Each structure stands twice: as structure tokens, then as C-alpha cells.
Amino acid sequence: KWTVIGKYKPGRYPIWSNYYMRWWFVDVCRQMIGRGIYGSNETLLNCYYRALGAHIGKDARISIMCDIAEYDLVNIGDYTSLDAGTVRGFALDNGCMLIGSVTVGDHASVGIKAIVAPNTSVPIHAHLGPQASSYEIGKSADPENAKHNRYCFPAPHPLMQFFIGNPITFFVDAVSYIPTLLIFYWMIKMPWHQHEGFYTYSDMLAWLCEPRRIPFYVGIRVARQVLHPLVYMMMAILVKWTIIGKFEAGPIDTTSEWQLTRHWLAETLFTRENLLNVTEIIGRHYEGVSVMYRLLGAKVGKRVFWPGSQLVFTGEFDLLEIGDDVVFGSRSVIFCRSRDGLEKVRLCAGSNVADNCVVLPGCVFGKNAVLGSSGIAPAGWYLPESSVWFGSKLCEPVLLERGVDHDDGSEKSENDEPIMASSVPEHRMPMVGDESTLRPFGKAFYKREATYFVWPLIFIMFLSVFTTAFIATLHSVPILAALHLASGVLYGFPVDDRDYDGRQYRGQEVYTLLVMMYVLVHNFHVLCWLGVEVGAKWSLIGRRAEGRYNYDSSTYNQRWELYQLFTRVRRHGRVTFLDFLHGTPYMVTFFRLLGCNIGNNVCLYPTGGDPYMPEPDLVTIGDDCAIDNAALVCHLNTRGNFELVPIKLGSNVTLRSMSRIQMGSSVESGSMLLEHSLAMTGEIIEADSVWQGAPASPVLYFTNRHDNNPDNASASSARGVDYVPDPFGGAMV
């Protein structure tokens with residue numbers, strides 16, 4: 001960082017400029033290298049950020065999942081609390097990269113999935129709530145929001161973490177590696193070169209290049225990917241029931257170090273990543289996941305459709321109740337804990353939590369209620385039966401459909417107070433499903449009422465294990481091939497004829513050749529990844545077309561799930577191959593290979609994507625567009641009804657980080673969605689305008705850059721719309 005870019009300087013820089021390339025290189029290195037030991041606790045993490053140039057105040061508590069970058073421009077005050085949000089000084093802006101300062105004041109906080117945009121700040125004692133942005137004021141920065149920020153929760157004493165918590169988590173982790181270590185031990189006990197010492201580099205290569213060791217090398221990788229997650233979860237569940245115990249609704253005794261340690265253990269052991277590692281072995285959407293959650297203490301009904309990327313929890317699974325036929329979207333959050341105590345979260349039969357939502361403690365979803373994409377369910381709210389909500393305005397969802405409870409005045413309107421779950425009788429919270437809650441997924445997979453053969457769970461588990469093992473084997477090829485190629489060059493390619501004792505080489509020669517061979521083989525490895533993913537897309541999915549593809553009448557979802565198994569080939573440890581391509585022309589090439597219609601001079605995902613375009617062949621992107629970590633999602637799975645509708649982006653469109661374009665939307669030329677904005681299904685984002693919010697609304701219109709007729713501006717000014725003169729280049733002030 002200090003060598004390549006030095007101090008980050010505020011300003012607007014053209015994409016593909018020298019400064020952009022330097023910024024890009026540092027950002028890729030930041031993600032690839034990670035934080036290492038500095039991410040092990042909050043104190044070291046603060047030291048890490050300070051070393052990179054950030055101003056971190058006294059006793060600031062920062063989540064390792066909080067995205068912080070452009071460090072010299074980050075100012076974090078004293079006693080601040082940053083949950084898994086975004087606090088960075090980078091944004092895209094009409095064909096340029098915008099670098100600006102970000103500030104979080106003293107005693108302030110930033111909630112989960114919240115974002116502080118460049119050139120904005122969170123004031124002193126303000127608390128940016130979940131699903132909020134620094135563009136919002138008022139209730140979004142209410143001090144009450146601190147109750148739902150995990151880094152405002154009291155933490156156990158560091159000595160309790162060090163002497164009690166860490167040994168328990170280390171024990172769970174260590175036991176989970178036993179299968180891998182057993183294979184390693186088996187390998188080294190084999191009688192091949194067993195009693196020969198390592199005196200020279202030739203001795204080392206002779207031992208490593210023994211062909212009979214290859215199955216062991218591959219077996220170690222396969223055991224790490226397949227057996228490690230399962231053993232880890234088994235041990236974590238054992239710790240849950242023998243040490244952590246059951247959580248009960250009510251206040252938390254914050255004076256008890258043991259009570260705080262229990263919560264810390266639950267949150268540490270059952271992270272989203274650990275849950276995801278298991279579900280990718282047992283099947284991501286199916287009954288195996290329900291069984292796992294039941295073992296963790298949750299009450300889970302029948303025919304639940306689980307998300308592909310799993311949920312983020314605070315760890316108190318005993319307080320989670322999920323009815324029959326519930327449908328989950330990806331990347332959502334459910335909290336059962338606040339700073340004040342523990343409350344149950346209840347999702348009644350047939351309810352739906354869509355993508356990228358936040359559900360807070362005490363919330364109850366009525367039968368068939370829907371919380372749409374980027375929505376928030378506030379603490380203690382009741383979402384009435386069959387009602388539909390979406391987005392987050394001032395930390396509250398927006399009502400789209402009233403549902404069936406509106407006759408008694410129980411729905412929320414602009415002038416009404418929300419219904420509190422505590423006021424709703426038990427009979428209006430059914431957990432058992434009926435014909436009205438049964439979804440196409442449940443009909444097809446569990447009732448076997450589909451128009452085609454639906455793979456049984458055992459076959460899906462077999463596919464998951466086989467694919468995981470295949471990908472682990474593929475990823476072991478580069479280092480093994482590099483070793484054997486280097487050994488062949490140095491000692492001859494016929495293995496039986498190699499004379500390791502007769503030829504000696506210096507370490508510099510051996511390592512140089514190994515690196516050269518690794519680079520050569522790794523390039524082939526990357527081509528294999530590209531071939532597997534692109535080939536799987538076109539052979540399994542083909543070219544998508546607009547329409548409805550319900551699970552009980554179309555094979556699309558089943559083929560999509562198989563394709564998702566093959567896309568795991570892009571992952572290599574904690575990074576993916578796409579992490580090295582984002583923000584470059586190669587990313588555009590990749591999505592063109594997957595069928596996306598992309599114009600010239602387009603910049604895709606310079607800070608990464610979560611998710612990347614899931615249906616690229618239904619997306620059209622015009623010339624000179626700049627798309628950051630935004631979601632372009634052409635599908636909708638409301639109440640289990642799966643639809644595909646194309647998305648179209650005109651030229652010179654900018655989508656900033658955490659913006660989301662729903663299926664059927666059209667973003668006209670010259671428009672921009674700011675951070676944390678949601679374009680609704682079928683919405684048209686007008687040309688030469690700036691939109692913000694979830695749902696998005698226009699905040700600024702520009703004059704026609706190709707028309708100097710003042711009548712245009714004056715006519716629109718009569719509608720109360722502001723304009724920025726052409727010399728500003730359409731930049732957001």
C-alpha cells in the first residue's frame with residue numbers, strides 16, 4: 001500500500017487511469033493477503049488499520065466483516081462500534097472513480113448492512129441502523145439503533161475469551177482436522193524413503209515426487225473440503241448442548257462473565273461461513289439443513305426452502321421458530337439478540353424472507369407474509385398475514401400489499417402505527433402449513449408432484465460430495481504438477497530412471513524452476529476453471545429466456561442447482577478466481593462468455609461482487625457503464641414462484657456499491673443509483689438522473705448534456721427538479 005499508492009488522495013480519477021490501476025492493485029492485494037493474525041481480535045485489528053493509515057479512535061470496536069479501505073481517508077472516532085457494514089472512501093461516478101473521506105464520529109455506530117458513502121459522515125452520538133446509508137437522516141441515525149449493533153453489545157472480558165473461549169473454539173477446530181491429519185500420518189508412515197534424511201534439495205524432491213504419494217496429497221485436500229466441515233459442526237453442536245446450553249427469552253445478565261461468554265461462543269462457532277461449509281455438503285436448500293438447525297435448537301417445520309448462501313445469526317438458535325413452507329432468500333440476517341436481551345423470532349407457515357434482508361429480535365411474520373429484497377423487519381413488529389413489504393426507509397419497511405388483516409385496521413399505513421407482535425393472539429400465528437402455504441418447491445421435492453423426475457435428497461448429497469471432491473482434486477493439480485515437472489527437468493522425466501543422488505542443485509535453482517513451473521501449470525489451471533464453468537453453464541442451463549419456471553413444472557431450478565455446484569470451481573481457499581479479475585476488462589470478457597450483452601468501455605465490479613450477476617444472459621449493459629458491488633438479479637422467487645425477466649441498462653449508467661436492480665427494470669442512459677438503492681421490479685430509472693433509497697426515488701436530474709436549449713431546464717425546473725451545469729460532467733456533488 002505505502003509503496004504502490006502511498007496516501008490516498010481525494011478526487012475524481014478516470015477509470016483505467018494510472019491512479020485507478022494503482023488503486024486496483026492495492027485493493028486486490030488487500031483482499032488476497034487478508035488480515036492474518038491481525039484479524040484475530042479487535043485490538044490487533046485496530047493496529048492493522050492504523051498501520052495502513054486510518055485514524056482509529058480509542059476503544060473503537062470494529063467487526064472483521066466490516067469493509068474498510070482507502071485507509072488514509074477513514075476517520076473512526078473514540079468509542080465507536082462498526083458492525084458488518086461498509087465504511088470506505090471509494091465510489092464510481094459517471095465513468096470515474098471517486099475517492100473521498102468517510103467519518104464516523106465519537107460514540108457513534110454503524111449497523112449491519114449499513115454503508116457510509118464517500119464524502120459523508122455519521123455524526124457524534126449518531127447510530128446508523130441496519131440497512132441504512134449515510135445519505136439518510138432522522139430515524140436511520142436514532143440512538144435506539146445501537147441496540148441492534150452487535151459491537152455495542154457487552155463483550156466478555158479478554159481473559160475469559162483467552163482462557164475459556166479460545167481453548168474451546170481451538171478444541172473444536174483441532175478435532176475437525178483429525179481426518180485430514182490421519183491421512184497425512186498414513187502417508188508419512190509409508191515405507192517409501194522412510195528412513196532417509198533430508199540433507200539436500202535432491203533428498204527433498206525425491207521424497208515429495210514419489211508417485212505413490214499422489215493419492216495421499218489429493219486425499220488430504222478432499223478430506224479438508226468434505227470431512228472437516230461435517231466434523232466441525234458435529235463438535236460445535238456437542239459444545240452447544242454440553243457447555244453453552246439453551247438460551248431463553250428475556251434480559252441478559254451483563255454482569256455475568258459466563259453469560260457473556262456463552263453468547264460469544266455461540267456467535268463464534270456458528271458463523272455464516274461455518275454453516276455454509278456444511279450445507280454445501282448435505283445440500284443447500286433441503287431437509288438436511290432443517291435437521292442441522294433443529295440440532296442447534298431451532299424449531300423448524302416441514303418443506304422449508306433454505307438459502308444458498310445461508311443466513312447470518314447471532315447464535316441463539318433456541319429462539320428461532322420457522323413454520324412449514326417458509327422460503328428464504330440469500331444473504332439475509334436474523335437477530336434474536338439485542339443489547340437489552342433475547343427475543344424470539346417467529347416465521348409463520350408460508351412466510352417469505354427474500355434476499356439481503358434483516359430481521360430483528362421479536363419480529364413475527366404472519367402466515368404467507370413476504371419481506372421483499374433489501375427489506376428490514378423492525379424489532380417487535382408483526383407483518384400481517386399475506387402482506388408484502390420491501391426495502392428500508394428510515395429503518396422501516398415499505399408496505400406494498402396490505403394482506404388479509406386490513407379489515408380490522410391492523411395493517412400499517414402512512415398514518416397508522418405498526419402492529420406489535422406482543423398484541424397479536426396466538427391463533428393468528430400458525431406454524432403448520434395448509435394448501436395456501438404449499439409452494440412449488442414443496443410439491444415437487446417433498447410430495448413428488450412434479451411433471452418431471454425430481455432428484456431425491458440422497459442423490460443431491462452424492463452430487464455435492466462428488467463435485468466437492470472433484471474440485472478439491474482439480475485445485476491440487478498445480479502444486480503437484482509443478483513439483484513433478486520441475487523434478488523431471490532436473491532429473492529426467494522417466495520416474496524410475498531418476499538419479500537424485502547423482503545430481504545436486506542449489507536452492508536458488510530449485511525454487512526458481514518450481515516457481516516457473518507453477519506459473520505455467522496455474523495458467524492451465526485457470527483455463528480449466530474457465531472451461532468447466534462456461535461449459536457447465538451452456539450444457540446445463542443454455543440460454544435463458546423470460547418466463548416462469550416453478551419447481552414443480554420446470555427442470556430449470558434443478559439444473560440451476562447442479563450448475564451452482566460446478567461454479568464452486570472458481571473458489572480457491574477464501575478467494576475466488578474472479579477476485580483477481582474484478583474491475584478489469586477480463587471481467588467483461590468472462591460475463592460475455594456467459595452470454596451477457598455488454599457494450600464498450602464497461603467497468604464491472606471494481607470492489608468485487610456479492611452476488612455477481614446470476615443470470616448474465618438476461619442482462620444488457622450499454623457503453624461506458626460503471627457497475628460496482630451492485631446486484632443485477634433477473635429472478636424473483638416470491639412465495640416460491642420462480643420468474644425470469646431481463647434487465648436493461650443504457651449507456652453511461654453508474655451503479656454504486658450495494659445498489660440493487662430487480663428483474664424487469666430498465667435503467668436509462670446517464671442515470672446513477674447511489675449506495676444502498678433498490679430499483680423495484682419493472683421500474684424505469686429515468687435518463688440523466690440520480691436515485692437513492694430502498695425503494696429508490698429520484699434526488700437529482702441533470703440537464704440534457706447534448707442539448708443546450710435552456711427551455712429544457714426551465715420546463716423541468718417548474719416541476720421542482722434541481723440541475724447541475726454541464727461543466728460538472730454530471731458528477732454527484
Side-chain angles (χ1 to χ4, degrees), residues 226 230 276 278-294 300-310 322 324-330 349-350 352 433-471 531-569 594-595 614-618 634-645 663:
V226 175
L230 299 176
L276 179 61
V278 177
T279 62
E280 289 191 338
I281 302 299
I282 63 177
R284 302 185 305 167
H285 306 300
Y286 310 102
E287 183 64 19
V289 184
S290 297
V291 171
M292 180 180 70
Y293 278 91
R294 291 182 191 121
V300 181
K302 303 174 183 177
R303 302 180 297 274
V304 175
F305 182 85
W306 293 98
S309 64
Q310 285 310 302
I322 300 172
D324 296 344
D325 303 306
V326 171
V327 176
F328 287 102
S330 297
N352 189 175
D434 54 28
E435 283 299 316
S436 70
T437 67
L438 185 60
R439 305 301 178 216
F441 169 74
K443 288 177 62 179
F445 193 80
Y446 293 101
K447 290 184 173 294
R448 317 304 294 178
E449 297 176 3
T451 59
Y452 62 97
F453 176 72
V454 179
W455 298 329
L457 179 58
I458 189 68
F459 182 68
I460 290 172
M461 294 176 67
F462 168 77
L463 282 178
S464 298
V465 172
F466 174 80
T467 308
T468 303
F470 167 75
I471 292 171
V532 169
E533 181 156 347
V534 175
K537 191 274 179 188
W538 291 108
S539 61
L540 296 173
I541 303 295
R543 181 169 292 279
R544 296 176 178 90
E546 180 177 351
R548 175 166 288 194
Y549 299 88
N550 284 349
Y551 216 110
D552 60 342
S553 59
S554 170
T555 63
Y556 176 83
N557 288 281
Q558 191 162 263
R559 290 182 285 116
W560 164 256
E561 184 61 20
L562 182 57
Y563 169 62
Q564 287 295 99
L565 292 176
F566 280 103
T567 61
R568 297 179 196 173
V569 72
L594 295 179
E615 298 93 11
D617 44 352
L618 290 177
C634 297
H635 71 263
L636 205 61
N637 193 31
T638 303
R639 298 191 177 113
N641 295 300
F642 193 91
E643 291 185 81
L644 292 175
V645 182
M663 71 173 197

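Model, not experiment: these values are computed from the prediction. Throughout, numbering of the chain's residues begins at 1 and tracks the sequence.
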Q: Please name all residues satisfying side-chain hydrogen bond (donor to acceptor under 3.5 Å, both in side chains) with S464, sequence neighbours left out, ordered by chain then number.
A: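 Testing S464 for side-chain hydrogen bond (donor to acceptor under 3.5 Å, both in side chains), a comparison that skips the adjacent residues, returns none.
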Q: How far does CZ of R559 sit from OG of S539, to the nearest 0.5 angstrom?
A: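 The distance works out to 10.5 Å.
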Q: So which heavy atom on A536 is nearest to which on F566, and how close?
A: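 Looking at all heavy atoms of both residues, the shortest contact is CB-CB, 3.8 Å.
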Q: State, yes or no, whether a side-chain contact exists between T467 and R568 at a heavy-atom distance under 4.5 Å.
A: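 No; the side chains remain at least 4.5 Å from each other.
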Q: Taking the side chain as C-beta and beyond, is there a heavy-atom pair between K537 and Y563 under 4.5 Å?
A: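 K537 vs Y563: side chains touch.
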Q: Test side chain to side chain contact (heavy atoms under 4.5 Å, CB included) on Y446 and E287; report intermediate values, then the result.
A: CA-CA 9 Å; Y446 293 101; E287 183 64 19; 3.7 Å; yes
Q: Would you say D324's side chain and A349's backbone share a donor-acceptor pair under 3.5 angstrom?
A: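 A pair under 3.5 Å: no.
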Q: For the atom pair CD1 (I460) and NE2 (H285), what is the distance rounded to the nearest 0.5 Å?
A: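 Answer rounded to 0.5 Å: 9.0 Å.
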Q: Counting C-beta onward and ignoring hydrogens, is there a side-chain heavy-atom pair between V454 and R448 closer than 4.5 Å?
A: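 Sidechains of R448 and V454: in contact.
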Q: Less than 4.0 Å between a side-chain N and a carboxylate O, is that true for R544 and D617?
A: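 Counted as a salt bridge, because a side-chain N and a carboxylate O are separated by less than 4.0 Å.
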Q: Restricting to non-hydrogen atoms, name the atom on E449 and the atom on D552 that form the minimum distance, rounded to 0.1 Å.
A: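 Heavy atoms of E449 and D552 come nearest at O-CB, 3.8 Å.
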Q: Quick one: does V304's side chain get under 4.5 Å of D325's, heavy atoms only?
A: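 V304 does not reach D325 side chain to side chain.
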Q: Quick one: do L594 and V534 satisfy side chain to side chain contact (heavy atoms under 4.5 Å, CB included)? Show the steps, please.
A: CA-CA 6 Å; L594 295 179; V534 175; 4.1 Å; yes
Q: Would you give the length of the straight line joining atom CG of N641 to atom CZ of R439, rounded to the nearest 0.5 angstrom?
A: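 If we round to the nearest 0.5 Å, N641:CG and R439:CZ are 7.5 Å apart.
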Q: Compute the ring centroids of W306 and Y293, then answer whether they are less than 6.0 Å apart.
A: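 When the ring centroids of W306 and Y293 are compared, they turn out to be within the sub-6.0 Å range.
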Q: Is it true that a side-chain atom of R294 and a backbone atom of G301 form a donor plus acceptor pair closer than 3.5 Å?
A: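 Yes, R294 side chain to G301 backbone: donor-acceptor pair under 3.5 Å.
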Q: How far does CD1 of I282 sit from CG of L457, to the nearest 0.5 angstrom?
A: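 Nearest 0.5 Å value for the CD1-CG distance: 8.5 Å.
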Q: Got E561 and Y286 here, is their nearest side-chain heavy-atom distance under 4.5 Å?
A: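 Side chain of E561 against side chain of Y286, heavy atoms only: contact under 4.5 Å found.
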Q: Would you confirm whether N557, through its side chain, and Y549, through its main-chain N or O, come within 3.5 Å as a donor-acceptor pair?
A: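 Checked: pair present.
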Q: Quick check on ring-ring contact (aromatic ring centres under 6.0 Å, His included): which of F441, F305, Y556 does F642 satisfy it with?
A: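 It is Y556, the one option of F441, F305, Y556 that forms the ring-ring contact (aromatic ring centres under 6.0 Å, His included) with F642.
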Q: Quick check for you: to the nearest 0.5 Å, what is the distance between K302 atom NZ and I322 atom CD1?
A: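 Spacing of NZ (K302) from CD1 (I322) equals 16.0 Å.
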Q: Between N550 and R548, is there a side-chain heavy-atom distance shorter than 4.5 Å?
A: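 Side-chain contact under 4.5 Å: yes.
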Q: May I ask you to test the F328-V289 pair for a side-chain heavy-atom distance under 4.5 Å?
A: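 The answer is no; the side chains never approach within 4.5 Å.
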Q: Mind running side chain to side chain contact (heavy atoms under 4.5 Å, CB included) on K443 and L438 for me, showing each step along the way?
A: CA-CA 7 Å; K443 288 177 62 179; L438 185 60; 3.3 Å; yes
Q: Using only atom types and a distance under 3.5 Å, with no angle test, would you say the side chain of R284 pairs donor to acceptor with the backbone of P307?
A: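 No, because the side chain of R284 does not come within donor-acceptor range (under 3.5 Å) of the backbone of P307.
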Q: What's the verdict on side chain to side chain contact (heavy atoms under 4.5 Å, CB included) for V569 and F470, showing C-alpha distance, side-chain angles and the deciding distance?
A: CA-CA 9 Å; V569 72; F470 167 75; 5.5 Å; no
Q: Please indicate whether F459 has more than 12 foreign heavy atoms, meaning atoms of other residues, nucleotides or ligands, lying under 6.0 Å from its CZ.
A: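 Yes - once you tally the heavy atoms of other residues, nucleotides and ligands closer than 6.0 Å, there are more than 12.
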Q: Can you find a pair of side-chain heavy atoms, one from F453 and one from Q558, that are under 4.5 Å apart?
A: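 Result no, sub-4.5 Å side-chain heavy-atom pair not found.
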Q: Find the distance between CG (L636) and CG (L644) and round it off to the nearest 0.5 Å.
A: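 If I round to the nearest 0.5 Å, the distance is 10.0 Å.
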